[in-house]
Engineer: 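Here it is: the structure, laid out below.
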Amino acid sequence: MKKLFAKTYNKSKKEYVKLLEDCLKESKKKFVVTANPEAFMLAMNDEAYSKMLMDTMTDIVPDGIGLVKAGQMLDFAFEERIPGVDLAEELLLLSNVYHKKVFLFGSKKEVIEKMRDVILEKYPNCIICGLYDGYVDDKEAVFKEMAKQQPDVVLVALGMPLQEQLIYKCLNLFKKGIFVGVGGSFDVLSGMKKRAPKIFIKLNLEWLYRIACEPKRLKRFYDNNVKFIFKIRKYKKMEAKKK
Ligand code: UDP
């Protein structure tokens, strides 16, 4: 667990976006996991998932506030949250500036179609080289199609952990590209779902807004975030006893 925290990006979102900009300009290959406590909990119980996070090709950025807080408790000074939806937006902006090829995969058919309209309007210089909804039967076949295009930016919105597992499995088909699992970001960026009001985001209470809108998320939140913080507290106490 400590290794995962140590590997997680701890500077600002602005600095990380600059890093991605350089990768994009130099046509490098990178896999970004926007991690929340759920990802770290999974890694503790699933060796393959943990290996994926620790791979040198993988960048971990702290998405969930639970992760930022836990990191701070363990003296890993994370500067701020870097949400997947923000990275998706920044990558579209950069692709617009540098006329890069973007491949979008995931979310419902009506959402992905709306995404295309939004990109054509807001980011007209982006080259959309592929667009698939996330409910196709053979998801790996989409990656094979994608590989023919060799995109510069790949946004996969299938929810975690599936989106990360699929990207990681297919990564060797690509010579370049920034690959990010962006969860429910297309729902928000397409305008089909509202993001939390700015004040919630500023106060790091976006999770509360999401639960209020979709109460079925409460169990998932409790199972991952609340139990996670308890685990970290227990770990800290054990460490203190050892000293
Ligand atoms: N989704 C998909 N195919 C699937 C399952 C889910 O495309 O087989 C999409 C779903 O429509 C949604 C996204 O994956 O747009 C997951 O969103 P959620 O907010 O649950 O993801 P999280 O960010 O919480 O991981």
Engineer: Hey, can you tell me if F105 and F143 have their rings parallel, tilted or perpendicular (30° and 60° cut-offs)?
Structural biologist: perpendicular
Engineer: List the steps and the verdict of side-chain contact (heavy atoms from CB on, under 4.5 Å) for F230 and K234.
Structural biologist: CA-CA 6 Å; F230 277 116; K234 206 168 147 191; over 6 Å; no
Engineer: As an exercise, state the distance from SG of C23 to NZ of K28, rounded to the nearest 0.5 Å.
Structural biologist: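 Separation between the atoms: 5.5 Å.
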Engineer: Is it true that E239 and K2 have a side-chain N and a carboxylate O under 4.0 angstrom from each other?
Structural biologist: yes
Engineer: Looking at every heavy atom in both L20 and L87, which two are closest together, and how far apart are they?
Structural biologist: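 That closest heavy-atom pairing would be CD1-CD2, 4.1 Å.
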Engineer: Any Lys/Arg nitrogen of K18 or D22 sitting under 4.0 Å from an Asp/Glu carboxylate oxygen of the other?
Structural biologist: yes
Engineer: Might you point out which heavy atoms bring F31 and V33 nearest each other, and give the distance in Å?
Structural biologist: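 Closest heavy-atom pair between F31 and V33: CZ-CG2, 3.6 Å.
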Engineer: Sort out for me which residue in F78, Y16, F76 forms a ring-ring contact (aromatic ring centres under 6.0 Å, His included) with Y9.
Structural biologist: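 Between Y9 and the candidates, ring-ring contact (aromatic ring centres under 6.0 Å, His included) is satisfied uniquely by Y16.
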Engineer: Is R220 paired with E38 through a side-chain N to carboxylate O contact shorter than 4.0 Å?
Structural biologist: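 Looking at E38 and R220, the cut-off is met.
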Engineer: Inspect the contact between K51 and E47 and indicate whether a charged nitrogen and a carboxylate oxygen are less than 4.0 angstrom apart.
Structural biologist: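 No, no charged N to carboxylate O under 4.0 Å.
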Engineer: If you compare all heavy atoms of P62 against all heavy atoms of V68, which two are closest, and at what distance to 0.1 Å?
Structural biologist: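 Distance-wise, the nearest heavy atoms are CB-CG2, 4.0 Å.
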Engineer: Check this for me, if you would: do E206 and R195 make a salt bridge, where the nitrogen-to-carboxylate-oxygen distance has to be below 4.0 angstrom?
Structural biologist: yes
Engineer: Do K108 and D133 meet the salt-bridge criterion of a basic N to acidic O distance under 4.0 Å?
Structural biologist: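 So D133 does not pair with K108 through a salt bridge.
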Engineer: Taking only Lys NZ, Arg NE, NH1 and NH2, and the carboxylate oxygens of Asp or Glu, determine whether E214 and K193 approach each other closer than 4.0 Å.
Structural biologist: yes
Engineer: Should the pair Y209 and F200 be assigned to parallel (<30°), tilted (30 to 60°) or perpendicular (>60°) ring geometry?
Structural biologist: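 Perpendicular, since the angle between the ring planes exceeds 60°.
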